[in-house]
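I have placed the structure first, in the form of structure tokens, so that the comments after it can refer back to it.
Remember, predicted model here, so these are calculated numbers, not experimental data. Within every chain, numbering begins at 1; the chains are lettered A, B, ... in the order of the sequence lines, protein sequences first and strands thereafter.
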Amino acid sequence: MQPNTIHTARPFTSRNLLVGQVMAAMLQDRPFGPALTPSPDFPGWTSAAVIDVLATIPRFFFLSPRSIGRQHSFRHRSPIRRRSLRHESADLGRGLRLHGPPAYRDPAKVKLGVAKALEFYSWVESRCGFLHDQLTCREMSRLLAKANRLPTLWRFLRSNEALVGTATVTSVIKILGEEGLTREALAAFYRMKQLHCKPDVQCYNTVISALCRVGDFNKARFLLNQMEMPGAPCPPDTYTYTILISFYCKRSLQTGCRKAIRRRIWEANHMFRRMLFKGFVPDVVTYNCLIDGLCKTYRVERAHELFDDMLLKGCSPNRVTYNSFIRYYSAVNEVDKAIEMMRAMLLRKHGTPTSSSYTPIIHSLCETGRVGEARDFLVEMVDGGSIPREFTYNLVCGTLNGAGHEDLPDELHRRIEEGIDARFRQVMGVKPVMGGRTRSTQEQMYIGCMTCNEQVKGICYL
DNA sequence: CTTTGAGCTA
């Protein structure tokens, strides 16, 4: 199967149904108490099913409709815009968001979600006889971290100490970092001992990443120094350096100032050398981070140096590596080199192009008026099993029309639109029965779930 | 449990 094939729908399993029914019960505010019991033929809860439910709750309660729903425009509807082609305007590092939770959150809904989750968590144990394990406990902790409910989280961790290990604290720290709660993430790191957990490399790496995310490289490097000390209980690994390199590059792009960019890129390169000096072997990801940072700051020569170094050291570049170059060459209006890179990737068996490889090339070709070639690449892309983004599709169609070119074959139109539709439904996480494409608000998703009892009569467990 | 990328828009 092609790695980038879009699956038309999620498998229609009984576990999905179960999750749907529990979510429906939560949204209808049916209490998880003695009144609610599974039917006699219910096979019982499994860890995986409990985890599924807990992982689904944030999607319904912690995000508001605005961040989920989106307007869906159809073919030929949006006007075609051309980006300027000047070198300086090619902004490769756009849209970087290093921290912060989603913009819109309804506190009341979050509160409800947390209450329901806790209710469910104990209901499953007390009414259904399910014994919680480390994994279900971890998922519950993650949920509380996502809800930013720190006192509740700590109370939960302490009262379930037997099921809490280093891995759980690590995943909590990760979420706190992603939520922008860096202080809390660091506090969790230092409070681990209270839960009788010892930090390991992964845990260190996660805190370092949380610190870097907000640009606190000093604290991050302090931890690295601590790890690098001779005889340290927890020496660094390849991940540690990769994280630092990656964030130096990202930070560098975030600032508009030339000097700051230069300094950060220097730090990234320096960290790379430090890693080699300490005897670590960089892997593909390490190279990819640095190469991407270099491409986005227009230092292609250095990027190529590293690329050659990879080949020399027997570290095979992958799709991600090539895509960095392809993005660069497309943005600076050297499409032919981008195409050359893509072909080289195939030829050397380093990977197959995906939509991420085709898209910049197609955009660039449209901008330069090479519509025919853009069209050919779109066809090639769909043949390879990738579905373009809606924007790309509209762009090519519009440009073809404007230039009086022959339209794409009808069959291709159909396949692309079906693919876009399928992807859209997949993002919404709604079963095809409700037709998610036109109903795009969260409220309508609720309807889809609440009516699931009627849709699937006979397989209901609750 | 920890690391890369993912293009559009006002």
*So which nucleotide from B:dT2, B:dG5, B:dT3 ends up closest to the side chain of A:Val320?*
B:dG5

*A:Ile326 has an atom CD1; how far is it from atom P of B:dA6, in whole Å?*
13 Å

_Rounded to whole Å, please give me the gap between CD in A:Glu139 and P in B:dC1._
11 Å

*asked:* Enumerate the side chain to side chain donor-acceptor pair (under 3.5 Å) contacts for residues 340-350 of chain A, please, sequence neighbours excluded, ordered by first and then second residue.
replied: A:Tyr322-A:Arg348, A:Tyr322-A:His350, A:Arg343-A:Glu380

*Whole angstrom value for the distance that separates P of B:dT2 from CG of A:Leu223*: 18 Å

*asked:* Please confirm whether the shortest side-chain N or O distance from A:Arg327 to OP1 or OP2 of B:dG5 is below 4.0 Å.
replied: no

*For A:Arg158, all residues meeting salt bridge (charged side-chain N to carboxylate O under 4.0 Å, His left out), sequence neighbours excluded*: none

*Identify whether NZ of Lys or CZ of Arg in A:Lys250 sits under 6.0 Å from the centre of the six-membered ring of A:Phe247 and within 45° of that ring's axis.*
yes

*Send over the distance from A:Asn323 CG to B:dA6 C1', rounded to a whole Å.*
9 Å

*Decide if the gap between the ring center of A:Tyr248 and the ring center of A:His270 is smaller than 6.0 angstrom.*
no

*Would you indicate which nucleotide in B:dC1, B:dT2, B:dG5 comes nearest to any side-chain atom of A:Lys250?*
B:dG5

*Would you indicate what A:Asp292 reaches in the nucleic acid, counting non-hydrogen atoms under 4.0 angstrom: base, sugar-phosphate, or nothing?*
sugar-phosphate

*What's the CG-P distance between A:Asn205 and B:dT4, to the nearest Å?*
12 Å

*Select base, sugar-phosphate, or nothing to describe what A:Ser246 touches, counting heavy atoms under 4.0 Å on all strands.*
sugar-phosphate

*Rounded off to whole Å, could you give me the CE-to-P distance for the A:Met140 and B:dC1 pair?*
19 Å

*Counting any heavy atom closer than 4.0 Å, what does A:Asp200 reach on the DNA or RNA strands: base, sugar-phosphate only, or nothing?*
base

*Using whole Å, report how far CG of A:Leu253 lies from P of B:dG5.*
10 Å

*Could you please name the option among B:dC1, B:dT2, B:dG5 that lies closest to any side-chain atom of A:Thr170?*
B:dC1

*Which nucleotide in the set B:dT3, B:dT4, B:dT2 lies at the smallest distance from any side-chain heavy atom of A:Asp283?*
B:dT3

_Any base atoms under 4.0 Å from A:Thr359, or only sugar-phosphate, or nothing? Heavy atoms, all strands._
base

*asked:* Could you check whether any side-chain heavy atom of A:Ile362 comes within less than 4.5 Å of a side-chain heavy atom of A:Met381, counting everything from C-beta outward?
replied: yes

*Whole-Å distance between B:dT2 C1' and A:Tyr241 OH?*
15 Å

_As a test of reading the structure: which of B:dC1, B:dT2, B:dT4 is closest to the side chain of A:Cys289, going by heavy atoms?_
B:dT4

*Nearest to the side chain of A:Asp237 - B:dT4, B:dC1, B:dT2?*
B:dT2

